[in-house]
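Values below: every heavy atom of this structure, side chains too, minus hydrogens, waters and symmetry copies. Numbers restart at 1 for each chain; the letters A, B, ... are given by sequence-line order, proteins then strands. What you see is a predicted model, and the numbers here were worked out from it, not measured in a lab.
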Amino acid sequence: MEGLLDVRGLTLSVPMGAGARARLVDGISFAIGKGEIVALVGESGCGKSLSALALLDLVPEPVRVDAGEILFEGRDVRRLPERDKRRVRGGGIGFVFQEPGAALDPVRSMGEELVAVLRRHRGLNRQDAESEAVAWLARVALPEPEKRFRDLPHQMSGGMKQRAMLALALAGGPRLLVADEPTTALDVTVQAQILALLHDLREGLGLSVLLITHDLGVVAETADRTLVMYAGEIVEEASVSGLFDAPRHPYTRALLASRPTVRDLPGQRLRAISGNVPEPGNRPPGCAFAPRCPSVFERCRGERPRLEGEPLRRAACFLAGDSGEGRAA
Amino acid sequence: MTSSGASASLLRVEGLSKSFAARGLFGGARGTAVPAVRDVSFDVPPGQTLALVGESGSGKTTTARLVLRLLAADAGRVTFDGVDWLPLPAGELREKRREMSVVFQDPATSLNPRLTVERLVGEPLEIHAVGTRAERRERVRALLARVGLPEAALSRTPREFSGGQRQRIGIARALATEPRLVVLDEPVSALDVSVRAQVLNLLLELQETTPSRPAYLFIGHDLAVVRLLAPRTAVMFRGQIVEEGPTGELFSNPRHPYTRLLLASQPAAHPSERKRGGAADAVEGGPPAPRGCAFRGRCPSARARCAEEEPQETVDGDHRFRCHFPS
Ligand SMILES: Nc1ncnc2c1ncn2[C@@H]1O[C@H](COP(=O)(O)OP(=O)(O)OP(=O)(O)O)[C@@H](O)[C@H]1O
Ligand SMILES: Nc1ncnc2c1ncn2[C@@H]1O[C@H](COP(=O)(O)OP(=O)(O)OP(=O)(O)O)[C@@H](O)[C@H]1O
Ligand SMILES: [Mg+2]
Ligand SMILES: [Mg+2]
C-alpha cells in the first residue's frame with residue numbers, strides 16, 4: 001500500500017517536578033497507507049489523544065515531543081515552516097477533537113467556521129463557500145442545515161457539535177482524517193450514517209482515516225487494521241479480523257472480554273480488568289501490563305517485550321510468538 | 001411538603017416543554033420558536049434507574065437541564081421527593097440540591113479548569129458543609145479511589161487529564177454528597193470498555209450499597225449498557241418520548257418504528273457482521289412536518305394518516321408509545 005503517514009519513534013513527556021520528566025508516549029511507530037482506515041484503541045489515559053495531536057505538532061504545554069519523526073506525504077511535519085504547517089492542519093490532515101465543546105470557538109457559528117475553512121483551504125468565494133458549507137452540514141447528517149447554519153456551540157446538542165467538528169475537519173479536503181472519538185455522542189442510527197460517510201470518502205476520494213475509539217463495535221464496523229495502545233506504547237497491531245478472532249496480547253483479550261453484550265443480564269457485573277494503568281513516571285521496568293496480567297511470569301517483570309513480527313499481526317508480549325497463539329489465555 | 005405516600009416515584013415529570021428561538025442562514029433570531037422538549041412525562045422510582053435514549057438532538061440533555069433547574073421550563077411540572085420542584089424558592093432549592101446531582105456530557109467544559117481535583121470533588125461537600133475539613137479530605141480520597149484515579153490526581157487540574165479521566169472526576173464529584181438522584185448525561189461514552197466496565201460496576205454497586213440508594217436518570221447511546229443498568233427505558237425523538245417501557249420488553253418487542261431502527265442500527269460485534277449502510281437511512285433534510293408524525297419521513301410503515309394527524313400516546317400495560325401503526 002502507498003504510504004501516506006509514517007510515524008517513527010514518537011516520544012512525549014511531561015515535567016514531573018525536580019527537573020525529572022515522565023514519559024507519556026514511549027517511542028511508538030506506525031504507518032497509514034492511502035485509503036486505509038486504521039483504528040487506535042486502548043485504555044483511558046494511555047496516550048491516544050496526545051499522539052494524535054502530535055501528528056499536527058499541536059501537543060499542549062507542558063507536554064513535549066522528545067523524539068520522533070512524523071512523515072506526512074514524505075515530509076516531517078514538525079520541521080515544516082510555520083506556513084506549510086498551517087496548510088497541513090485542516091488542509092492535508094483534518095482533525096476531530098475528542099471534546100468538541102472545548103475545541104469549538106464559543107462565539108463563532110458552525111456555519112461561519114465552515115465558510116472560513118472552505119475559503120482558506122479550498123479557495124472558494126463567500127457565496128460558493130456558503131452553499132458548500134450547507135452541503136457539508138447535510139453530509140454529516142445534520143437535519144435542517146440552513147436553519148442550523150448560525151447556531152453557536154452552546155445552542156447545539158452534544159452530537160450536533162460532534163458532527164459540526166467532523167464537517168469542519170472534512171471540508172478542507174484532507175488526505176488524512178484524524179478523528180478522536182468522533183461518534184461518542186451520536187445515537188446509533190446517526191453513527192451508522194457517519195461511518196458510512198467515512199467509507200464513501202475512502203472509496204471515492206481515497207481518504208485515509210486514523211480513528212481513535214473505545215467502541216469496539218465501531219472498530220468491527222469500520223477499520224481495516226487496528227493499533228492497541230497500553231501505557232504509552234503500542235502493544236498490538238492486527239488486521240481487524242485478526243484482532244477479534246485471535247488477539248495476541250493479554251491486554252487486548254481483556255479489553256474484548258470487558259464489552260457488555262446482549263447476553264448480559266440486567267444488574268450483572270461486567271468483567272473489568274482489575275487494577276489501574278500505571279501512572280506515567282511510575283511504570284514498571286518490565287512489561288507495563290505485567291502487574292495486571294493473568295499470564296505474567298518471571299521474565300515479564302524484568303524485561304520489556306518489544307513489538308515484533310509482521311505489521312498485520314504483532315504483539316509486544318513474550319507469549320505472542322508465532323506459535324504462541326492462545327497460550328496466554 | 002412531603003410525599004403523600006400515594007406516589008412511589010422519587011422524580012415525577014409531567015408535561016415538560018421547552019422551546020428555543022430559531023436562527024437561520026440569513027439573519028438572526030426570527031419569531032418562530034423551535035420546540036426542543038415537548039410534553040415529556042416520566043417517573044423515576046427511588047433507587048431505580050430510568051434510561052433516556054434517542055436521536056442526537058432529540059432533547060435528552062435539555063430535559064435533564066430542565067429537571068436540574070439549570071434552564072427554566074415553558075410548561076410542565078416536576079415533583080422531586082414529594083416537593084413541587086420547579087416553583088421552589090432559591091433558598092430551599094439550594095438546600096435540597098444536595099439530593100440531586102449531575103454528570104455532564106462534556107467534562108472539558110463543565111469542570112472549572114482552575115480548580116484542583118481535590119477542590120472540584122470536595123466543593124459540593126463544602127457548599128453543603130458536610131463533615132469536618134479532615135473528614136471531607138478523607139471522603140474525597142475515597143471517592144477518587146473508587147473511580148480508579150490515583151492519589152497523585154488530587155493536586156492536578158482537569159486539563160492535565162485525558163478525556164476519560166476527566167469524566168471520572170465528574171462522576172466522583174457528583175457522588176460526593178450521596179445524592180438521592182444522579183442525572184448521568186452520557187457518563188461512560190468517553191471511556192474505554194475496561195474503564196467503562198469499572199465505572200458501570202461502580203454505579204450499580206453504589207446504587208445497591210450506599211445508604212442514600214441513589215436513583216439514576218441515565219442518558220446514553222449504548223443499548224447494551226442501558227440494558228445492564230436500567231429496568232426501564234424511554235426513547236426520545238424530536239423532543240418527544242415516543243416509547244417507554246420495561247427495558248427487556250422494549251428491546252424484544254419494540255412498538256415504535258424509531259425504536260426498531262435504533263435496535264437495527266447497533267454496530268457489529270464482529271467484523272464479519274458488517275452492515276455497510278443497510279440499516280442507516282438518510283436523515284430527512286427538510287423542515288419538520290407542521291403536523292402529523294415527526295418520524296414519518298424516515299418511517300418504513302408510514303401511511304396517509306401519519307401525515308395528517310400527530311399520534312397521541314397509547315398505553316398498553318406498563319408500556320406506552322406514540323404511533324398510529326405500532327408493531
Ligand atoms: N496537559 C497535560 N499535562 C500533563 N499530563 C497530561 C496532559 N494531557 C494529558 N496528560 C496525561 O497524559 C496521558 C495520556 O493522555 P491522553 O489524553 O493522550 O490519553 P487518551 O489515551 O486519549 O485517553 P482517553 O481515552 O481517556 O481520552 C494521561 O495519563 C494524562 O493524564
Ligand atoms: N441553549 C440553547 N439554545 C438554542 N437551542 C438549543 C439550546 N440548547 C439546546 N438547543 C436545541 O435543542 C435541541 C435538543 O438539544 P439537546 O442538547 O437536548 O439534545 P440531546 O438529545 O441531548 O442530543 P445529543 O444526544 O446530541 O447530546 C437541539 O435542536 C438543540 O440545538
Ligand atoms: Mg483521549
Ligand atoms: Mg445531549
Side-chain angles (χ1 to χ4, degrees), chain A residues 41-45 49 60 98-99 101-102 111 130 134 138 141 143-147 149-151 155 157-160 181 184-193 196 199 214-218 220-221 240-241 244 254-255 258-262 264 266-273 276 279, chain B residues 20 22-25 28 53-57 61 105-109 148 150 152 162-165 186 189-198 200-201 204 221 223-225 227-228 231 247-248 261-262 265-277 279-280 282-287:
Chain A
V41 303
E43 184 119 1
S44 179
S49 297
Q98 184 170 7
E99 288 157 290
E130 275 188 7
V134 170
E144 304 173 73
E146 283 98 355
K147 246 169 117 183
F149 198 84
R150 300 251 174 263
D151 273 10
Q155 296 166 322
S157 79
M160 289 170 175
E181 307 277 10
T184 47
L186 304 180
D187 66 274
V188 288
T189 71
V190 174
Q191 173 173 287
Q193 292 175 55
H199 267 286
H214 57 77
D215 188 333
L216 294 169
V218 169
E221 197 69 62
V240 68
S241 53
F244 282 87
L255 205 60
S258 16
R259 284 176 293 174
T261 71
V262 283
D264 289 321
Q268 183 184 315
R269 299 300 190 265
L270 293 165
R271 282 173 56 185
I273 309 173
N276 290 309
E279 272 286 280
Chain B
F20 295 105
R23 307 142 302 270
L25 174 53
V53 304
E55 201 200 14
S56 172
T61 298
Q105 188 169 9
D106 197 343
T109 47
S162 77
Q165 291 165 336
E186 311 220 19
S189 300
L191 305 179
D192 68 276
V193 279
S194 158
V195 173
R196 183 172 63 179
Q198 282 178 16
L200 290 174
N201 289 349
L204 285 165
H221 286 304
L223 300 185
V225 167
R227 201 162 165 279
L228 202 71
T247 305
L261 180 64
L262 265 188
S265 309
Q266 288 297 302
H270 189 278
S272 62
E273 300 161 16
R274 282 187 187 184
K275 287 185 279 291
R276 280 294 141 76
V283 166
E284 70 188 298

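We find the CZ-OG distance between B:R196 and A:S44 to be 12.0 Å, quoted to the nearest 0.5 Å. The distance from atom CD of B:Q105 to atom CD of A:E99, rounded to the nearest 0.5 Å, is 11.0 Å.
Looking at A:Q98, the atoms closer than 4.5 Å to chain B (heavy atoms on both sides) all sit in the side chain, from C-beta outward. Residue A:V240 touches chain B through both its backbone and its side chain, counting heavy-atom pairs closer than 4.5 Å. Both the backbone and the side chain of A:S258 come within less than 4.5 Å of a heavy atom in chain B. Both the backbone and the side chain of B:L262 come within less than 4.5 Å of a heavy atom of chain A. Looking at B:Q198, the atoms closer than 4.5 Å to chain A (heavy atoms on both sides) sit in the backbone and in the side chain alike.
Annotation for B:A269 and A:F244: closest pair O-CE2, 3.5 Å, computed over non-hydrogen atoms. When every heavy atom of A:T184 is checked against every heavy atom of B:E186, the shortest pair comes out as O-OE1, 3.3 Å.
Interface summary for chain A: among B:S162, B:S189, B:G248, the most heavy-atom pairs under 4.5 angstrom belong to B:S189. With chain B as partner, the option from A:L255, A:V188, A:L216 having the largest number of non-hydrogen pairs under 4.5 angstrom is A:V188. Looking only at heavy-atom pairs under 4.5 Å with chain A, the residue among B:P231, B:G57, B:A197 that has the most is B:A197. Between chain B and the residues A:G217, A:G42, A:A254, A:A138, the most heavy-atom pairs under 4.5 angstrom are made by A:G217. The greatest number of non-hydrogen atom pairs below 4.5 Å with chain B, out of A:A185, A:A102, A:S241, is found for A:A185.
Using a distance-only test at 3.5 Å, with no hydrogens or angles considered, a donor-acceptor pair links the side chain of A:D187 to the main chain of B:S56. Under a 3.5 Å cut-off, the side chain of B:N201 and the backbone N or O of A:R269 do not form any donor-acceptor pair.
Here the rule is side-chain contact (heavy atoms from CB on, under 4.5 Å) with A:E221, and of B:E273, B:H270, B:Q266, B:R274 only B:R274 fits it.
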